[in-house]
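Take a look at the structure below.
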Amino acid sequence: MKATPHEIALLEAASAHRSDVLHLVGRVTDTVFSFLGPATAALAERGFIQTVVLIDDPAYRHVLEKFDRSVHLVLIDAAGSYFERVKRLLDAYCQMARTGRPAVAHLHGVVCSMIGLYAGQIRHLRLPTYFTPHGSRSLGPLRWLGATLRWALQPLSRRMASRVIANARVDARSVQKFTRESVDLIESPVAMVFFNARRLPTTAPLIVTGNRLANPLSGSLLAQCAVLLADQVPGLCFSCIGTADAESTAQINAAHVALNPFGDDAARAQHMATAWV
């Protein structure tokens, strides 16, 4: 059978790069990178060779430039259906695991843990594995996925020398409920610019907010809060750091809340330094 261009590219990438650590991520959002970036940089500083398999989403390409130069990125096409993307991630993970011969795998997110589990049980890739949930929705509102998560993590723990690392306390508590096993908490580091920023509060009272997770409900709650408080405090201003979906953006704009999609820590710190709260 003739290999597809995607399979040829994977073979070339895998044969050219050996890895000590293989990361499987999916989409690298700013929240995911706040943990993955410092983690891969720390490993690179210790001399570990790393490969990161991720979905090449145009919305998050600005994050790719922030990886340590020694980290090899394998970009998976974001086009097609959800299942097509998962299949491409699975193929890339298996190819990199077999050819790059990594000593350990780190699976980021619940979907990637499922991919790692499938690769371990069906395709017989038995790598010592770390798992980090990154605030997955299946740990919160989507409780129906809880049973699936427990089913996934227990075999990972028993057969693949797995270890769970949460990068937020709420994730650690949620995963512990499902797995009933110990969870290591390694929180994302806070950049020094946030400590060094000089406070320059605005003349009018300003509340600056943001959200670690993309949740459509947040935009609605923020808009309601802004409208109610504006009635009570004349001249009160609201600002939100981050991005939002189209519906949330419309609600936020209608409530006269400024939406600032800063992609840089220094810009975020400078803006936060102008806030009253």
In the structure I gave you, are the side-chain heavy atoms of [X] and [Y] within less than 4.5 Å of one another anywhere?
X	Y	value
Tyr130	Val21	no
Ser239	Asn260	yes
Val25	Val53	no
Thr274	Leu206	yes

Please report the interatomic distance [atom1]([X]) to [atom2]([Y]), rounded to the nearest 0.5 Å.
X	Y	atom1	atom2	answer
Leu90	Gln95	CG	CD	11.0 Å
Thr51	Leu24	OG1	CG	11.5 Å
Asp57	Arg27	CG	CZ	4.5 Å
Cys112	Leu117	SG	CG	12.5 Å
Lys66	Thr40	NZ	OG1	12.5 Å

Which heavy-atom pair separates [X] from [Y] by the least distance, and what is that distance?
X	Y	result
Tyr93	Gly116	CE2-CA, 4.1 Å
Ala223	Gln251	CB-O, 3.5 Å
Pro102	Leu127	O-CD2, 3.2 Å
Ile55	Ala78	CG2-CB, 3.6 Å
Cys225	Phe238	SG-CZ, 4.3 Å
Cys94	Ala119	SG-CB, 3.9 Å

Hydrophobic cluster membership, [X] vs [Y], 4.5 Å side-chain cutoff:
X	Y	result
Ile252	Ile207	yes
Leu236	Val227	no
Tyr118	Tyr82	yes
Leu73	Ile49	no
Val233	Leu228	no

| query | Step by step, would you call Ile115 with Leu107 a side-chain contact (heavy atoms from CB on, under 4.5 Å)? | reply | CA-CA 9 Å; Ile115 291 173; Leu107 310 175; over 6 Å; no
For [Y], is there any backbone N or O sitting under 3.5 Å from a side-chain donor or acceptor partner on [X]?
X	Y	value
Arg88	Asp77	yes
Asp20	Ala103	no
Trp276	Pro201	no
Thr99	Met96	no

| task | Take Asn253 and Val257, measure what side-chain contact (heavy atoms from CB on, under 4.5 Å) needs, and give me the verdict at the end. | result | CA-CA 6 Å; Asn253 290 339; Val257 175; over 6 Å; no
| message | Take a 6.0 Å sphere around CD of Glu84 and say whether it holds more than 12 heavy atoms from other residues, nucleotides or ligands. | response |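 Yes, CD of Glu84 has more than 12 neighbouring heavy atoms, counting only those of other groups under 6.0 Å.
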| Under the ring pair (Phe, Tyr, Trp, His ring centres under 6.0 Å) test, which residues partner Phe48, sequence neighbours left out? |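 Partners of Phe48 under the ring pair (Phe, Tyr, Trp, His ring centres under 6.0 Å) test: none.
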| said: Whether the His72 and Gln50 side chains hold a donor-acceptor pair (N or O, under 3.5 Å, no angle test) is what I'd like checked. | reply: no
| request: Specify whether His62 and Tyr60 have parallel, tilted or perpendicular ring planes, treating 30° as the upper limit for parallel and 60° as the lower limit for perpendicular. | output: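 Judged by the thresholds at 30° and 60°, the geometry between His62 and Tyr60 is tilted.
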| field | Plane angle bin for Phe35 and His106 - parallel if under 30°, tilted between 30 and 60°, otherwise perpendicular | value |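 It falls in the perpendicular class, over 60°.
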| said: Please determine whether a side-chain nitrogen of the Lys or Arg among Asp264 and Arg268 lies less than 4.0 Å from a carboxylate oxygen of the Asp or Glu. | reply: no
| said: I'd like to know if Arg61 pairs up with Asp56 as an ion pair, taking the criterion as any Lys NZ or Arg NE/NH1/NH2 lying under 4.0 Å from an Asp or Glu carboxylate oxygen. | reply: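 Counted as a salt bridge, because a side-chain N and a carboxylate O are separated by less than 4.0 Å.
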| field | Test side chain to side chain donor-acceptor pair (under 3.5 Å) applied to Gln224 - qualifying residues, sequence neighbours left out | value |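 Once residues adjacent in sequence are excluded, the partners of Gln224 under the side chain to side chain donor-acceptor pair (under 3.5 Å) criterion are Ser220.
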| said: For Val28 and His23: C-alpha separation, side-chain torsions, deciding distance, then whether side-chain contact (heavy atoms from CB on, under 4.5 Å) applies. | reply: CA-CA 11 Å; Val28 180; His23 301 270; over 6 Å; no
| request: From the options Leu75, Val32, Leu89, Ile76, select the one residue that forms a side-chain contact (heavy atoms from CB on, under 4.5 Å) with Leu54. | output: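 Testing Leu54 for a side-chain contact (heavy atoms from CB on, under 4.5 Å) against Leu75, Val32, Leu89, Ile76 leaves exactly one candidate, Leu75.
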| task | In sequence, state the C-alpha distance, the side-chain angles, and the governing distance for Leu22 and Val104, and then conclude on side-chain contact (heavy atoms from CB on, under 4.5 Å). | result | CA-CA 6 Å; Leu22 174 60; Val104 66; over 6 Å; no
